[in-house]
Number of protein chains: 2
Amino acid sequence: MTHDTAPSRKADTRMRLLDAAEAVARRLGPGNLSLDAVAAEAGVSKGGLLYHFPSKSKLLEALVAHHLSRLDAALRAEEATGRPNAAITAYMDQFLQEAARQKPPASGLLAALAENPQLLDPIRARERDFLARIRADSTDPDFATVAFLVVHALRAMKMLDTEVLDEAEAQSMIGWLNRRLQDGDT
Amino acid sequence: MTHDTAPSRKADTRMRLLDAAEAVARRLGPGNLSLDAVAAEAGVSKGGLLYHFPSKSKLLEALVAHHLSRLDAALRAEEATGRPNAAITAYMDQFLQEAARQKPPASGLLAALAENPQLLDPIRARERDFLARIRADSTDPDFATVAFLVVHALRAMKMLDTEVLDEAEAQSMIGWLNRRLQDGDT
DNA sequence: TTGACTGTACCGGCTGGACGGTATAGTTGC
DNA sequence: GCAACTATACCGTCCAGCCGGTACAGTCAA
């Protein structure tokens with residue numbers, strides 16, 4: 001029970017706790033996230049949880065940071081090509097990949113929002129940054145902004161489990177935008 | 001202090017309570033909405049609050065219903081003209097009007113979501129309904145869907161206090177969409 | 001090599017406060 | 001005289017954060 005072949009037991013437990021927090025938030029509702037429930041879900045005691053995250057706020061903060069770093073890493077790689085419209089294209093691709101993964105990105109984010117809206121400040125800042133980059137390197141800033149907003153809406157719907165458009169419709173929507181982007185009409 | 005020129009004291013108090021709930025949700029965060037805080041904000045005793053809404057769940061339900069009825073009334077009126085693209089045009093106009101009003105629509109909705117995501121089911125259903133109508137009476141369903149999603153994104157951002165685009169940018173975005181709709185390009 | 005000591009990772013019980021809801025007795029205005 | 005409240009007290013539950021442990025791996029000195 002005390003072997004340690006994994007790279008880091010600590011990092012693994014941290015990750016399990018973050019995953020557990022998202023699962024619980026999705027199951028019980030963003031406002032009903034309790035530390036006890038998270039600990040139980042992760043198979044860790046409450047003390048153990050508080051060892052890794054000294055307060056609930058820190059846990060939610062980590063949840064936001066984790067979400068951000070995943071998105072950011074995926075984007076920077078794709079965006080580095082430097083072609084025109086690279087930023088918006090990467091943004092759309094990233095969404096498609098994220099959507100294709102079975103794991104619903106689900107919202108520990110909503111739990112963070114429920115507890116303290118300020119926790120989402122980093123996300124707001126990053127989103128503004130994305131839009132600026134998207135407009136900067138696009139051939140048609142207005143249209144690129146439209147594409148950005150469409151992706152934003154699709155993500156928001158997934159987060160809220162809304163499903164106004166199904167998977168296929170969302171994909172065809174993205175395809176439609178991509179085609180317009182390459183045609184470059186004004 | 002005890003004048004009563006309004007049509008109904010009961011309805012007035014109900015409205016004040018709903019407004020107070022939204023204000024508190026915005027100030028304390030959606031997950032920190034307490035009945036005591038709402039009663040205090042509205043200048044009503046806790047007993048009075050529970051007289052009108054026998055449980056917190058009922059209050060949140062009423063918040064959702066209130067939001068829905070306002071949106072619906074505004075839309076049906078504008079949509080009744082029967083012209084092509086009437087639905088999506090009405091949807092966009094409605095957003096602009098709502099945005100122009102000083103009152104941030106703010107989200108008692110988020111409070112409802114935090115407590116129990118199922119409370120938003122009526123909103124999801126209505127949103128699906130809107131999209132269906134929008135596609136049905138539009139000259140270019142794909143483009144109408146894009147417009148719908150853009151408005152959706154702008155609303156979501158307002159709700160989350162994101163402000164990625166400012167008022168003027170949002171308006172110019174809507175204007176851009178409107179122009180495309182009237183040109184009727186494929 | 002052994003025994004004292006240290007730091008890390010984690011356990012689980014407890015407490016104090018917040019909050020939803022109940023109860024009840026009184027008050028005001030139409 | 002009833003509907004629409006006010007005022008206050010109270011109960012039970014939930015929950016964040018705290019704290020005193022435990023297990024164990026590594027270190028280092030004698």
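Proteins get letters first, then strands, A, B, ... in listed order; numbering begins at 1 in each.
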* **A/R14 CZ to C/dT8 P, straight-line distance once rounded to whole Å** => 15 Å
* Structure fact -> 5' to 3', nucleotides 20-26 of chain C under a 4.0 Å protein heavy-atom cut-off (B base, S sugar-phosphate only, - none) gives BBB----
* Ignoring backbone atoms, test whether A/H52 places a side-chain nitrogen or oxygen under 4.0 Å from the OP1 or OP2 oxygen of C/dT8. => no
* Considering just the side-chain nitrogens and oxygens of A/Y51, establish if one lies under 4.0 Å of OP1 or OP2 belonging to C/dC10. => no
* **side chain to side chain donor-acceptor pair (under 3.5 Å) partners of A/N85, counting only residues at least two apart** => A/T139
* **Any donor-acceptor pair under 3.5 Å from B/E169 side chain to B/D166 backbone** => yes
* Asked: Looking only at heavy atoms, what is the nearest atom pair of A/L109 and A/L120, with distance?
  -> O-CD2, 4.1 Å
* Minimal non-hydrogen separation, A/R135 against A/P141, with atom names -> O-CG, 4.0 Å
* **Whole-Å gap separating P (D/dG17) and NZ (A/K58)** => 12 Å
* Just by distance, do the side chain of A/R124 and the backbone of B/L160 share a donor-acceptor pair under 3.5 Å? -> yes
* Asked: Nearest to the side chain of B/V44, which nucleotide is it out of C/dA9, D/dT6, D/dA4?
  -> D/dT6
* Asked: Between C/dA9 atom C1' and A/D12 atom CG, what is the distance in whole Å?
  -> 13 Å
* Using atom CG of A/L49 as one end and atom C1' of D/dC19 as the other, report the distance to the nearest whole Å. => 16 Å
* Asked: Do the charged groups of A/E127 and A/R155 touch, with an N to O distance under 4.0 Å?
  -> yes
